[in-house]
K.L.:
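Structure below; questions to follow.
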Amino acid sequence: MPAARESLLDAACTALERRPWSAVRMVDVAASAGVSRQTLYNEFGSKDGLARALVRREADGYLAGVERALAGPGDPRSGPSDPRERLTATAEWMMSAAHDNALVRAMLTGCWSERLPSPALSAVPSSSAAPAQRRADGPLPSPGDFVGLVRDRAVAVLGGSGRSAPSDTAELARSCELAVRLALSCVAAPPAEGAVADLLRAVLPRRSTA
């Protein structure tokens, strides 16, 4: 992503932390990023385009965090961790991301407060010359889409070689979706600290994620 575009998105994110999206002005975002207002419009086309790009970036960052959590320990000498532990770590990361980022929380729950931008999830016409903006102008993930995306990533990572029997793969997919949906319920109604791990260990069958 071009440096100017990234700086503008950072500036928009900072502005959103300080005031409602309706009060965020394009001229202020451009000034904060150290670029001209024309550069801002060249990149995003409009304030709605900026909102879509901001949501798209946060969605991509969220999914990248999911993949890091699923990957488990980075040191190969430690060996593969228990898949149930990796699902638990992923669920805990999902909750943390939603707690720390209001846009992520809105994307996962579909509850967009008046302070936030709330672009349509369907694609919008785009004539942007910037490939990143054309992607942002495409469909944005719904809460249901995120469930499927995280479930499928978890199955791909935890399924290993992919040579498991169909019944094992189906059981793994059910366990992964259960973990994702339980984590989302904890986003909406946070449990006591550390409780999500106990909940997942209680409901996830040991053999299905082995």
Side-chain angles (χ1 to χ4, degrees), residues 1-69 90-150 153 180 183-190:
M1 181 177 292
R5 184 180 180 88
E6 189 69 17
S7 295
L8 285 162
L9 289 172
D10 287 342
C13 192
T14 298
L16 184 58
E17 292 172 357
R18 298 172 178 168
R19 60 185 70 92
W21 182 250
S22 60
V24 173
R25 301 194 309 163
M26 295 287 271
V27 63
D28 294 334
V29 171
S32 179
V35 302
S36 69
R37 186 168 59 172
Q38 187 60 50
T39 297
L40 174 57
Y41 280 99
N42 288 345
E43 280 291 334
F44 303 103
S46 65
K47 188 176 180 182
D48 184 64
L50 175 61
R52 296 185 69 85
L54 189 58
V55 170
R56 170 54 68 185
R57 185 179 73 161
E58 297 308 308
D60 290 345
Y62 167 77
L63 292 173
V66 164
E67 293 193 349
R68 288 193 298 271
T90 302
E92 290 176 333
W93 186 89
M94 290 168 59
M95 290 176 56
S96 175
H99 178 270
D100 295 341
N101 189 316
L103 273 177
V104 168
R105 186 163 59 253
M107 287 188 293
L108 296 183
T109 63
C111 298
W112 296 82
S113 77
E114 293 180 356
R115 287 189 56 86
L116 299 175
S118 53
L121 299 182
S122 57
V124 298
S126 179
S127 58
S128 176
Q133 188 57 36
R134 290 199 298 273
R135 180 168 178 262
D137 288 339
L140 297 173
S142 68
D145 292 333
F146 278 113
V147 171
L149 288 167
V150 176
R153 280 164 166 75
V180 173
L184 292 177
S185 72
C186 292
V187 168

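Since the model is a prediction, treat every value here as computed from it, not as a measurement.
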K.L.:
How long is the span from the OG atom in Ser46 to the CG atom in Leu40, to the nearest 0.5 Å?
P.N.:
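Rounded to the nearest 0.5 Å, the OG-CG separation comes to 9.5 Å.
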K.L.:
Check the pair Phe44, Leu54 against side chain to side chain contact (heavy atoms under 4.5 Å, CB included), reporting the backbone distance first and the verdict last.
P.N.:
CA-CA 10 Å; Phe44 303 103; Leu54 189 58; over 6 Å; no
K.L.:
Take atom CD in Glu114; do more than 12 heavy atoms of anything else shown fall under 6.0 Å from it?
P.N.:
no
K.L.:
With sequence neighbours excluded, give me every salt bridge (Lys or Arg N to Asp or Glu O under 4.0 Å) pair touching residues 30-47.
P.N.:
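Sorted result for residues 30-47: Arg5-Glu43.
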K.L.:
Restricting to pairs with a member in residues 91-114, which pass ring pair (Phe, Tyr, Trp, His ring centres under 6.0 Å), not counting sequence neighbours?
P.N.:
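Qualifying pairs, neighbours excluded: Tyr62-Trp93.
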K.L.:
Who pairs with Ser32 by side-chain hydrogen bond (donor to acceptor under 3.5 Å, both in side chains), at least two apart in sequence or on another chain?
P.N.:
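side-chain hydrogen bond (donor to acceptor under 3.5 Å, both in side chains) list for Ser32, sorted by chain: empty.
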K.L.:
What closest approach, in Å, do Ala30 and Leu8 show between heavy atoms, and which atom pair accounts for it?
P.N.:
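Looking at all heavy atoms of both residues, the closest pair is CA-CD2, 3.9 Å.
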K.L.:
Which heavy-atom pair separates Leu116 from Ala102 by the least distance, and what is that distance?
P.N.:
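The answer is CD1-O, 3.7 Å.
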K.L.:
Considering residues at least two apart in sequence or located in another chain, which fulfil the salt bridge (Lys or Arg N to Asp or Glu O under 4.0 Å) criterion with Arg105?
P.N.:
none
K.L.:
Is the closest side-chain heavy-atom distance between Asn42 and Ser36 below 4.5 Å?
P.N.:
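When only atoms from C-beta onward are counted, Ser36 and Asn42 do not touch, as no gap falls below 4.5 Å.
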K.L.:
Name every donor-acceptor pair, under 3.5 Å, that has one atom in a side chain of residues 134-149 and the other anywhere in the protein, sequence neighbours excluded.
P.N.:
unit_1, atom_1, unit_2, atom_2, d
Arg134, NH1, Ser128, O, 3.0
Arg134, NH1, Ala129, O, 3.3
Arg135, NH1, Asp60, OD2, 2.7
Arg135, NH2, Asp60, OD1, 3.1
Asp137, OD1, Gln133, NE2, 2.9
Asp137, OD2, Ser126, OG, 2.6
Ser142, OG, Gly144, N, 3.4
Ser142, OG, Asp145, N, 3.1
Ser142, OG, Asp145, OD2, 3.1
Asp145, OD2, Ser142, N, 2.9

K.L.:
Using 0.5 Å steps for rounding, measure from the CG atom of Asn101 to the CD atom of Glu58.
P.N.:
4.5 Å
K.L.:
List the steps and the verdict of side chain to side chain contact (heavy atoms under 4.5 Å, CB included) for Leu63 and Val150.
P.N.:
CA-CA 7 Å; Leu63 292 173; Val150 176; 4.1 Å; yes
K.L.:
What are the two closest non-hydrogen atoms of Arg52 and Ala123, and how far apart are they?
P.N.:
NH2-CA, 4.1 Å
K.L.:
For residues 14-25, pull every pair meeting side chain to side chain donor-acceptor pair (under 3.5 Å), keeping only residues two or more places apart or in separate chains.
P.N.:
Arg25-Asp28
